[in-house]
Every structure is written in structure tokens, then in C-alpha cells.
Amino acid sequence: MDKKELRKKFKDLRESLSEKEWFEYSKSICQKLIDSSFFKNSQRIAFYYPVNKEVNLTIAIEEALKQGKEIFLPKTHLKEKRLSFHKVTDLARLSPGVFGIFEPPSIDSPIEACELDLILVPGLAFDLKKYRLGYGGGFYDRFLKETKALKIGIAFSFQIIEKLPQDPWDEKMDYILTEEGFF
Ligand code: ADP
Ligand code: MG
């Protein structure tokens with residue numbers, strides 16, 4: 001299957017997840033993340049805010065804020081096909097942006113990609129070599145090539161496939177985290 005067909009397949013798979021499974025698996029992923037040395041050793045963390053049935057990391061965001069870490073969420077710039085990450089201190093202050101995705105207020109200038117310690121990357125699917133299938137805009141590929149931060153792909157275990165088609169611009173993750181753990 002090519003990337004386009006795989007995107008359709010994994011979107012459908014994700015939509016078939018029940019609300020209860022979505023919530024329980026997300027909770028388990030948050031706990032594994034919070035207990036990890038990657039989380040403990042990171043002060044500046046880029047999260048994402050979930051759309052549709054993406055893994056919900058809200059519990060981990062709240063925990064990071066409680067521990068005094070700095071957290072950043074993406075804004076999507078559609079015309080330039082790029083992301084910028086802005087500091088967030090309160091999830092109640094987000095508002096809907098492009099595609100209805102909740103975004104941080106843009107009063108502050110964005111953090112430079114090289115200043116982040118850890119980036120949690122959403123995706124439609126990941127493979128065993130830790131390559132990622134996104135929504136088809138290449139937004140994360142463009143952002144990730146600017147950073148040396150640790151990159152962890154976040155997904156449910158049914159989003160893991162043995163091998164994805166790989167293009168020269170596709171960025172590789174350092175680890176993948178699912179409800180079954182890290183690999
Ligand atoms: P996704 O990563 O969202 O699954 P693709 O990997 O298929 O999507 O990339 C989508 C488009 O983005 C490609 O046509 C590619 O040309 C473009 N692209 C990806 N990364 C870069 C980059 N670093 N610089 C310029 N264009 C890029
Ligand atoms: Mg890509």
C-alpha cells in the first residue's frame with residue numbers, strides 16, 4: 001500500500017476505537033510516559049493537543065505543569081506548511097485554530113526547535129524502524145529536521161506496522177510509546 005492508502009486505513013482503524021478504549025489506553029500511555037526517564041530528564045517538552053481519536057496526553061501535560069516543567073503546543077501555519085511551538089501554562093487558555101485543533105495563544109514568540117529537550121510526536125502510524133506516517137503535509141518532518149531533541153512517537157499499538165513507505169525527507173523517531181510500552 002502507498003502512503004495515501006495507508007492514511008485511509010489507519011484513520012478508519014482509529015475511528016473504530018471506542019471512547020472507553022481511547023480513554024483507558026491514553027491513560028496508560030500517559031502513566032508510562034510520566035514514569036519514564038525521558039520525561040523525568042526533560043525540562044522543556046513539546047506536546048500536541050489531540051484531534052479526533054489521537055492518543056490523549058492531557059494527563060501527562062497536567063503532570064508536567066505540576067512538576068514545574070515548561071510545556072509547548074504547536075500552532076499550524078497552513079500557507080507555509082510549518083509548525084511553531086508556544087509555551088502553555090494553562091490548558092483552559094487554548095482556542096481552536098486550523099482544522100479546529102486547539103492551539104496556544106500566539107502572544108509569545110515561539111520556542112526554537114533546538115531549545116526543546118523532548119518532542120512527543122503524533123502520527124497515523126509508525127513502523128518497527130520508528131518511521132512515521134503523518135497526515136500528508138510534512139509539517140512534523142519540516143520541524144523535526146531543525147532539532148536534536150529526543151523524539152518519541154505516540155500511538156496506540158494497532159497503529160504499529162512492520163514497514164511504512166519511506167521518503168528521503170521522512171524523519172525517524174528515537175522511540176515509540178504505545179499502551180504496551182516503549183520500543
Ligand atoms: P507526512 O510526513 O505528513 O506523512 P509526507 O512525508 O508524505 O507527509 O510529506 C508530505 C510533503 O511534505 C512531501 O510532498 C514533501 O515534499 C514535503 N516535505 C516533507 N518534509 C519536508 C522538508 N523537510 N522540506 C520540504 N518539504 C518537505
Ligand atoms: Mg513524512
Side-chain angles (χ1 to χ4, degrees), residues 14-15 17-77 83-126 130 132 134-135 139-140 143-144 147-160 173-183:
R14 205 174 60 185
E15 280 316 304
L17 192 67
S18 73
E19 286 283 327
K20 185 167 182 289
E21 288 169 314
W22 176 68
F23 182 77
E24 290 299 325
Y25 292 162
S26 290
K27 204 165 86 177
S28 152
I29 289 168
C30 284
Q31 200 52 55
K32 288 184 164 72
L33 176 64
I34 291 167
D35 292 341
S36 72
S37 59
F38 311 124
F39 183 84
K40 287 179 183 149
N41 295 334
S42 300
Q43 177 58 24
R44 293 171 159 182
I45 307 177
F47 281 89
Y48 61 88
Y49 200 82
V51 265
N52 302 321
K53 292 245 177 72
E54 280 181 346
V55 176
N56 187 340
L57 293 180
T58 306
I59 294 172
I61 296 178
E62 297 289 3
E63 181 60 26
L65 289 172
K66 210 169 95 188
Q67 293 185 14
K69 296 181 189 292
E70 289 181 80
I71 79 131
F72 301 84
L73 288 176
K75 275 180 97 72
T76 304
H77 305 272
L83 300 173
S84 60
F85 284 78
H86 301 262
K87 189 166 169 170
V88 169
T89 51
D90 181 358
L91 286 181
R93 303 251 305 272
L94 306 179
S95 51
V98 177
F99 307 126
I101 303 172
F102 277 75
E103 294 186 338
S106 57
I107 25 168
D108 297 338
S109 51
I111 187 168
E112 300 284 335
C114 62
E115 291 178 297
L116 288 163
D117 301 319
L118 173 60
I119 303 173
L120 303 167
V121 185
L124 280 172
F126 294 92
K130 307 185 185 79
R132 168 181 179 270
Y135 290 93
F139 288 83
Y140 269 94
F143 182 75
L144 293 177
T147 182
K148 288 198 166 61
L150 195 76
K151 294 162 263 192
I152 302 182
I154 306 286
F156 299 113
S157 56
F158 63 79
Q159 293 174 285
I160 307 304
M173 305 298 116
D174 297 298
Y175 296 93
I176 308 294
L177 171 60
T178 75
E179 76 282 3
E180 293 176 356
F182 287 91
F183 72 85

Could you go through F47 and L33, starting from their C-alpha distance and side-chain angles, then the distance that decides it, and tell me whether this counts as side chain to side chain contact (heavy atoms under 4.5 Å, CB included)? CA-CA 12 Å; F47 281 89; L33 176 64; 4.2 Å; yes
So which heavy atom on [X] is nearest to which on [Y], and how close?
| X | Y | value |
| --- | --- | --- |
| L124 | R14 | CD2-NH1, 3.8 Å |
| T178 | K32 | O-CD, 4.0 Å |
| L73 | P104 | O-CG, 3.4 Å |
| L17 | K53 | O-NZ, 2.9 Å |
| S84 | H77 | OG-NE2, 2.7 Å |
| E103 | V98 | OE2-N, 3.9 Å |

Compare all side-chain heavy atoms of [X] with those of [Y] and state whether any distance is below 4.5 angstrom.
| X | Y | answer |
| --- | --- | --- |
| N56 | F23 | no |
| E15 | N52 | yes |
| L177 | L120 | no |
| I160 | F183 | yes |
| L83 | T76 | yes |
| Y140 | P122 | yes |

Would you give the length of the straight line joining atom [atom1] of [X] to atom [atom2] of [Y], rounded to the nearest 0.5 angstrom?
| X | Y | atom1 | atom2 | result |
| --- | --- | --- | --- | --- |
| D90 | E62 | CG | CD | 8.0 Å |
| T58 | L91 | OG1 | CG | 6.5 Å |
| L118 | D174 | CG | CG | 9.5 Å |
| L65 | E70 | CG | CD | 10.5 Å |
| L94 | K75 | CG | NZ | 9.5 Å |
| E180 | F158 | CD | CZ | 11.5 Å |

Working for side chain to side chain contact (heavy atoms under 4.5 Å, CB included), residues N41 and D117:
CA-CA 8 Å; N41 295 334; D117 301 319; over 6 Å; no
Side chain [X], main chain [Y], donor-acceptor under 3.5 Å:
| X | Y | value |
| --- | --- | --- |
| K130 | I176 | no |
| K148 | C114 | no |
| K27 | I59 | no |
| Q31 | S28 | no |
| S26 | W22 | yes |

Exercise for the section: Describe, in one word, how the ring planes of F182 and Y175 are oriented to each other, choosing from parallel (under 30°), tilted (30 to 60°) and perpendicular (over 60°). Expected result: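 The arrangement is perpendicular - the two ring planes meet at more than 60°.
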Evaluate the ring planes of F143 and F85, with Trp represented by its six-membered ring, and classify them as parallel (under 30°), tilted (30 to 60°) or perpendicular (over 60°).
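Correct class here is tilted.
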(message) For a side chain to side chain contact (heavy atoms under 4.5 Å, CB included) check, start with the C-alpha distance between Y135 and F99, then their side-chain angles and the critical distance, and finish with the verdict.
(response) CA-CA 12 Å; Y135 290 93; F99 307 126; over 6 Å; no
Notebook entry, point to check: When you look at V55 and F156, which way does the side chain to side chain contact (heavy atoms under 4.5 Å, CB included) test go after all the steps?
Noted result: CA-CA 7 Å; V55 176; F156 299 113; 3.6 Å; yes
Less than 6.0 angstrom from the centroid, inside 45 degrees of the normal: does K69 satisfy that with respect to the ring of F39?
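Verdict for F39: a cation-pi partner in K69.
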* **Atom NZ of K87: over 12 foreign heavy atoms under 6.0 Å** =>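 No - once you tally the heavy atoms of other residues, nucleotides and ligands closer than 6.0 Å, there are 12 at most.
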Problem - Q43 atom CD, over 12 foreign heavy atoms within 6.0 Å - result: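 Enclosed: over 12 neighbouring heavy atoms sit under 6.0 Å from CD of Q43.
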